[in-house]
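What follows is a single structure, written as structure tokens, with notes after it.
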Amino acid sequence: MEKIKSSEITPKSLFLSRREFITGLGAAVVSTAFLTACQGTGLSSLPSAAEPSDKPTSYKDVISYNNFYEFTVDKDGVAALAKDFKTSPWTVVVGGLVANPRTYAIEDLLARFPPEERIYRLRCVEAWSMVIPWLGFPLAKLLKEAEPTSEARYVRFETLYDPARMPGQADTSFDWPYVEGLRLDEAMNDLTLLASGLYGEHLLPPNGAPLRLVVPWKYGFKSIKSIVKIDLVATMPVSLWMAASPREYGFYANVNPDVPHPRWSQATERRIGEYTRRRTLPFNGYAEEVIHLYQGMDPRTLF
Ligand SMILES: Nc1nc2c(c(=O)[nH]1)N[C@H]1C(S)=C(S)[C@@H](COP(=O)(O)O)O[C@H]1N2
Ligand SMILES: [Mo]
């Protein structure tokens, strides 16, 4: 695919640097509602001011250290195995409980929803993280075009299933295809992106070309890659990870340093390219934008 023309990109960085976030706290931008909500969800600690501000992870690391089990479980091996994966032609089917079901050729979909640049932190459940300048558009735009019916409560996403092209799908210990889901209000949140590029370039196969989800306040596994199907549904979808290990991977998967994964702590993370570990922030640093979605919910159900 050709390089994205910079004229096609709307520059709009919604990203708050670490320092701006802290200043925001000091300037009482964070309401008492936020603090009360933090207590309500069992989030004890506000972020520490000691951390340096976020700087994007090197392009090389972003495209060569990946989780994409359809190719291999070896993070350093995805790039080589996905190198020749063909992402054209590609169609994305939007359906389920909608008034306007539609099948998009990827080119038409991207022409219809031009990308914006958004620099987001990505926090993997394995306790490493990256900062990535994505090119994408809010999922809400696509969902509005589909017109969810009043029965639609969740969005279900599916990755391509094609074992001939995705060698990792020969591993029968997983229930392919990769499936993920969001509650409809999470899916409609302005932070939730469908990304088709990063660092000003079209996505490469290791990062989920031609279209992947990015949900920055949740653990990385929610950000499903190489999407072929988006369905509006009435009941909570069962994700591949919930099916594989329900005790370890829940539906919500909100980044929460206070709730350890059953096999390791989630309190800190290693930013790829750095040596000193950072403290992990509640909701990966996006609490202000999303905490209202979980008001009144039992924090134990939010892992
Ligand atoms: N289809 C699919 N999507 C996926 C995965 C996967 O194995 N298959 N891995 C997830 C995990 S665990 C993470 S951390 C992110 C990694 O995204 P990146 O490689 O672009 O950094 O992709 C997520 N999306
Ligand atoms: Mo992950």
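For ligands, and for the atoms within them, numbers begin at 1 and follow the listed sequence.
- Ring orientation note: the planes of W90 and F85 are nearly perpendicular, at an angle over 60° on the 30°/60° scale.
- In this structure, Y120 has its ring center at least 6.0 angstrom away from the ring center of W217.
- Among protein heavy atoms, atom 8 (N) of ligand 1 sits closest to E70 OE1, 2.8 Å.
- Distances below 4.0 Å separate heavy atoms of C124 from the following atoms of ligand 1: 14 (S).
- With sequence neighbours excluded, the residues that form a ring pair (Phe, Tyr, Trp, His ring centres under 6.0 Å) with F68 are F71.
- Of all protein heavy atoms, the one lying nearest to atom 7 (O) of ligand 1 is Y69 N, 2.7 Å.
- R183 CZ: more than 12 foreign heavy atoms inside a 6.0 Å radius.
- Considering backbone and side-chain atoms alike, N207 places an N or O below 3.5 Å from some N or O of ligand 1.
- Checking Y219, Y178, F68 against atom 4 (C) of ligand 1, the nearest heavy atom belongs to Y178.
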Without placing hydrogens or testing angles, list every side-chain donor-acceptor pair under 3.5 Å for residues 165-172, not counting sequence neighbours.
residue	atom	partner	partner atom	Å
R165	NH1	D162	OD2	3.1
R165	NH2	K86	O	2.5
Q169	OE1	D162	N	2.9
Q169	NE2	L160	O	3.0
D171	OD1	S173	N	2.9
D171	OD1	S173	OG	2.4
D171	OD2	S173	OG	3.4

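- By the 6.0 Å and 45° rule, K222 stacks over the aromatic ring of F251.
- Between Y65 and ligand 1, no N or O atom pair is found at a separation short of 3.5 Å.
- Ring planes of F283 and Y294: parallel class, angle under 30° (limits at 30 and 60°).
- The protein heavy atom nearest to atom 9 (N) of ligand 1 is N67 O, 3.2 Å.
- Scanning the protein heavy atoms around atom 24 (N) of ligand 1, the nearest turns out to be S223 O, 2.9 Å.
- Below 4.0 Å from some heavy atom of R212 lie the following atoms of ligand 1, by number and element: 15 (C), 17 (O), 20 (O), 22 (O).
- Checked against E274 for a side chain to side chain donor-acceptor pair (under 3.5 Å), the options R277, R278, R271 give a single hit: R278.
- Under a 4.0 angstrom heavy-atom cut-off, G208 registers as lying outside contact with ligand 1.
- For atom 19 (O) of ligand 1, the nearest non-hydrogen atom of the protein is K225 NZ, 2.7 Å.
- Below 4.0 Å from some heavy atom of I224 lie the following atoms of ligand 1, by number and element: 3 (N), 24 (N).
- Around atom 13 (C) of ligand 1, the closest heavy atom drawn from S64, A253, G220 belongs to G220.
- Checking only distances, T159 does come within under 3.5 Å of ligand 1, N or O to N or O.
- For the pair D231 (side chain) and G96 (backbone), a donor-acceptor distance under 3.5 Å is present.
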